[in-house]
Number of protein chains: 2
Amino acid sequence: MEAKIIKRCTEADELFYRLHLVSKEMNRAFETMAHTSLTKLEILFHIDLFGEMSQLELIRRLKLDASAVTRHLKRMEAEAFIQRKKESKDRRFMLLSLTDKGQRELKRLIAIKESLQDDILSVLTNEQIVSVSKFIEHISEQINDRGFK
Amino acid sequence: MEAKIIKRCTEADELFYRLHLVSKEMNRAFETMAHTSLTKLEILFHIDLFGEMSQLELIRRLKLDASAVTRHLKRMEAEAFIQRKKESKDRRFMLLSLTDKGQRELKRLIAIKESLQDDILSVLTNEQIVSVSKFIEHISEQINDRGFK
DNA sequence: ACCTATCAATTGATGCATCAATTAATATAA
DNA sequence: TTATATTAATTGATGCATCAATTGATAGGT
């Protein structure tokens, strides 16, 4: 019992920093291959998946800061991957949609992500992946339920 | 079998982005509590643990960019948490050591990290933590073995 | 109708990371 | 020994995220 606790502390001790590292490495790997960030893929993906949506909705889905989203979108609009127009019923909202170029870019990025995913996850069993997935969700909930003010 | 593959893809699909999110959340949680970054804790921790060391060694241990380390250290030196002096045998190397203030800061930060860790991980079994730990290591290896140039 | 609340989006300031180029010190080869 | 390589650290430019403050549009109370 005591041993278990000690072992566990050992395992856990660097867990957070390693999580942080692996997240960086993963992003960097994707960026090296795709010449764009994982976040942009997520943005394209969500706009495509859920159709015309406001920035606010995107922010909530991606759990990303509003200003970060604004900046990404402005750039992606300038690069003609997306279109933005004000909603006529409530002109505070910006409605987002993919252009054809955006669709093609999304396909390209998904292919890259999938190949990376296959390389990395192919060795693992479904059970392992599910368990890690649950772990991540758990941490996420714990942190958010703590309600840091 | 087919179902398993489909399930697995579903689980894996957002795994990378969720990993990225959870890493951000974790860092933010720590920063909110400690008013300093997890990286600074790691720096203090490694200098303390391995005694007087060069920046290069620190960079390798932390897997952090050299310039990021330089900037952290300069700031931490200015705040009197660490001391830096050139190695006399080879004046290219900067030798690092903790000051008393740095020691105290390290203790403070470790306490915060441990409380955060306890809150988040206490629900999990040792086996779960070990398995996640292995998963992270595996991803890390896979990515680094790919050798992106 | 008008003042005020609120809300979505934006802008500005800042922190932390990266890469590329530079500086300073040492090692190596002619 | 002197010119050249390499090496550790630094500086500069940039990307992506955050928070705080602001702008522009709408809703609600009087």
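FYI, side chains are in, hydrogens and waters are out, and symmetry mates aren't considered; it's all heavy atoms of this structure. Since this is a predicted model, take the numbers as computed values, not measurements.
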Return the nearest nucleotide to the side chain of A:Phe93; candidates are C:dA9, D:dC16, C:dA17.
-> C:dA9

Begin from the C-alpha positions of B:Lys85 and B:Glu52 and carry the test salt bridge (Lys or Arg N to Asp or Glu O under 4.0 Å) through to its verdict.
-> CA-CA 10 Å; B:Lys85 63 165 193 267; B:Glu52 224 179 31; 3.1 Å; yes

Does A:His20 put a side-chain nitrogen or oxygen below 4.0 Å from OP1 or OP2 of C:dC16?
-> no

Using the closest heavy atom to pick a nucleotide of DNA chain C for each, name whichever of A:Ala68 or B:Arg91 lands nearer the 5' end.
-> A:Ala68

With a non-hydrogen cut-off below 4.0 angstrom, is A:Asp90 in contact with a base, only sugar-phosphate, or nothing?
-> sugar-phosphate

Phosphate contact (D:dA17 OP1 or OP2) by B:Lys24 side-chain N/O below 4.0 Å | no

At under 4.0 Å, does any side-chain N or O of A:Arg28 touch on OP1 or OP2 of C:dC19?
-> yes

Determine the contact category for A:Lys74: base if any of its heavy atoms lies under 4.0 Å from a base atom, sugar-phosphate if only primed atoms, P, OP1 or OP2 are that close, otherwise nothing.
-> sugar-phosphate

Interatomic distance where NE2 belongs to A:His35 and P belongs to D:dG15 [whole Å] = 15 Å

Reported NZ-to-CD distance for the pair A:Lys40 and A:Glu31, which is rounded to 0.5 angstrom = 8.5 Å

For D:dT10, does either OP1 or OP2 sit under 4.0 Å from a side-chain N or O belonging to B:Arg84?
-> yes

Separation of A:Arg92 atom CZ from C:dA8 atom C1', in whole Å?
-> 7 Å

Taking D:dA9, C:dT10, C:dT11 as options, the one with an atom nearest any side-chain atom of A:Ser67 is C:dT11

Let me know, please, whether A:Arg71 or A:Ser88 comes out on the 5' side of the other along DNA chain D by nearest nucleotide.
-> A:Arg71

Any N or O donor-acceptor pair linking the side chain of B:Thr39 to the base of C:dC16 at under 3.5 Å?
-> no

Overall bend - the helix from C:dT6-D:dA25 to C:dA25-D:dT6, comparing terminal axes fitted on five pairs, nearest 10 degrees = 30°

Using a strict cut-off of less than 4.0 Å between a Lys/Arg side-chain nitrogen and an Asp/Glu carboxylate oxygen, indicate whether B:Lys101 and B:Glu105 qualify as a salt bridge.
-> no

